[in-house]
Amino acid sequence: MENATLVQLEHVSQIYRSGERRFYAVQDINMEIREGEFVFLLGPSGCGKSTLLRIITGLQAPTEGLVLYRGQPLRGVNPRATIVFQTFALFPWLTVQQNVEIALKARSVPSDIRVPRVLDLLDRVGLDGFESAYPRELSGGMRQKVGFARAMAVEPELLCLDEPFSALDVLSAESLRGELLELWTEGKIPTRAILMVSHNIEEAVLMADRLIIMDKNPGRVISRVTIDLPHPRQRKSPRFLEFVDQVYGILAGQTQPEHIELGAAPGKPGVTRWLPDVHVGNLVGLLERLNETPGDTEDIYQLADDLGVDSDTLLKLVEAAELLGFVTVAKGDITLTPLGEAFSDASILARKEIFATRIRRLPIFQWLLELLRRAEGRKLNWDVVQTALSLELPPTEAEKQLEILVAWGRYGEILAYDDETRIITLELAGGLPVSKDARGG
Ligand code: ADP
Ligand code: MG
């Protein structure tokens, strides 16, 4: 017999407003979470994972579609679900025990039930002996454990976790993962299902029964994967790595024809192509690593360890390299193009020239260069450009895009930027593709 369905989303969409613009943060989402399942929502930043968690727990109602809990339409906050956020807000003036008890006090649970339950939970999450400590005395990992204990104190049927390990150092995160898995797989908590949000592929394959994989612009489900590996899972086992490879393949997609990859400029018809948030130095590292690989082809997942980055960062690097024409991607494999190889082999100065040539092809750069060309003295204040971008992006994302544009433009010596005056200037070579010699030194 199938386990009972806890959560059901039917054609759920969320529209947000950003200035004059309305956009789909998530579009037409259909999913189910059944009792006994540990489900992961996996996808890049901004694909709407947190939005979906808020919708599922009733913290917000979707713009369109239906949210059912145990077959009934959800109205208001779901009392049988709780969320643990990335950084858990503890009350600094309360002890660890009081910080957990407060969740039960709010539900008027009497102290003869409350106190033993809280002490037992603290014990189970490994905070035995810290009951009377204050948050400032705890490490980040221990504070997050208090967060777990508080969320579990109300014995939720559905435990939702929004990137609960991403603010922790690597070792704390790893030990907390193990502890959460143990609580869950050994039935030490009354929780019936866990829904966890992550952008970390290895973490998802390590913990989940099932992955719901999303992509952005608009936020949508692109794939579902069942991970039928027994616990505890071995990270280096061939089947584990096969799943990791498969998920990288889904999230990295496949290199499209150039006119599709390049997308449109801001304000132009078509989908605007925003830049992935990567440092040029890391991009160089990726290309050099591929250049050392026999045949210049590699499984993407193999690169994460070597480059010392998590899957989210790696996928952004891959996207940037793809956008610039330095690599192609298919079925979870990445291949250096002849151009990428030339870049990797080149001197620092020659790399800058190649890079400049490539970024000039990007519609968003052409848009910025045109803006600067038309400006008096080929200079613009940062805020002016950011405001122009804000017509299409939320303010923080507009700022981020401009930071990337300026960083890439400076590396390619197309742009100059003065942090004091906040003035962006078009360098001489930025106006026309002038070679180094023609510039006359
Ligand atoms: P994720 O958790 O996957 O990073 P979010 O659900 O936080 O994604 O956000 C999805 C998109 O919606 C992002 O572009 C984000 O900037 C935007 N967004 C999130 N919340 C709001 C809001 N309250 N108003 C406007 N835009 C929002
Ligand atoms: Mg989020």
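Note that ligands are numbered from 1 as they come in the structure, with each ligand's atoms numbered from 1 the same way.
- Of all the atoms in ligand 1, the ones that sit under 4.0 Å from a non-hydrogen atom of Ser45 are 4 (O).
- Taking the six-membered ring where tryptophan is involved, the planes of Phe355 and Tyr411 are perpendicular, since the angle between them exceeds 60° and thus also 30°.
- Near Ala25, meaning under 4.0 Å from any of its heavy atoms, are these atoms of ligand 1: 12 (O).
- Classification of Arg210 and Glu37 as a salt-bridged pair holds, one side-chain N sitting under 4.0 Å from a carboxylate O.
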Hey, mind stepping through Tyr16 and Thr51 against side-chain hydrogen bond (donor to acceptor under 3.5 Å, both in side chains) and telling me if it holds? CA-CA 10 Å; Tyr16 287 131; Thr51 295; 2.9 Å; yes

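- Under a 4.0 Å heavy-atom criterion, Gln14 is not in contact with ligand 1.
- Using a 4.0 Å cutoff on heavy atoms, Arg54 counts as a contact of ligand 1.
- Annotation: atom 7 (O) of ligand 1 to nearest protein heavy atom, Ser50 CB, 3.8 Å.
- At least one N, O or S atom of Ser50, from either the backbone or the side chain, sits less than 2.8 Å from the Mg ion (ligand 2).
- The contact set between ligand 1 and Gly48, taken as ligand atoms under 4.0 Å from a residue heavy atom, comprises 1 (P), 3 (O), 5 (P), 6 (O), 8 (O), 10 (C).
- Ligand 1 has no N or O atom lying under 3.5 Å from any N or O atom of Pro394, backbone or side chain.
- Under a 4.0 Å N-O distance rule, the pair Asp383/Arg422 qualifies as a salt bridge.
- Between the side chains of Gln8 and Tyr69, no donor-acceptor pair is found at a separation under 3.5 Å.
- Every atom of ligand 1 with a heavy atom of Arg17 under 4.0 Å away is listed here by number and element: 25 (C).
- The aromatic rings of Tyr417 and Trp382 sit tilted, their planes meeting at an angle between 30° and 60°.
- With hydrogens and angles ignored, the 3.5 Å screen pairs no side-chain donor or acceptor of Trp184 with any backbone N or O of Glu179.
- Remark: minimum distance from atom 27 (C) of ligand 1 to any protein heavy atom is reached at Tyr16 CD1, 3.2 Å.
- The shortest N or O to N or O distance between Phe23 and ligand 1 is not under 3.5 Å.
- Side chain of Thr255 to backbone of Thr328: no donor-acceptor contact under 3.5 angstrom is found.
- Under the salt bridge (Lys or Arg N to Asp or Glu O under 4.0 Å) rule, Arg273 has a single partner from Glu258, Glu322, Glu319, which is Glu319.
- For atom 4 (O) of ligand 1, the closest non-hydrogen atom on the protein side is Gly46 N, 2.7 Å.
- Closest to atom 6 (O) of ligand 1, if we only count protein heavy atoms, is Thr51 OG1, 2.5 Å.
- In terms of protein heavy atoms, atom 14 (O) of ligand 1 is closest to Glu397 OE2, 3.3 Å.
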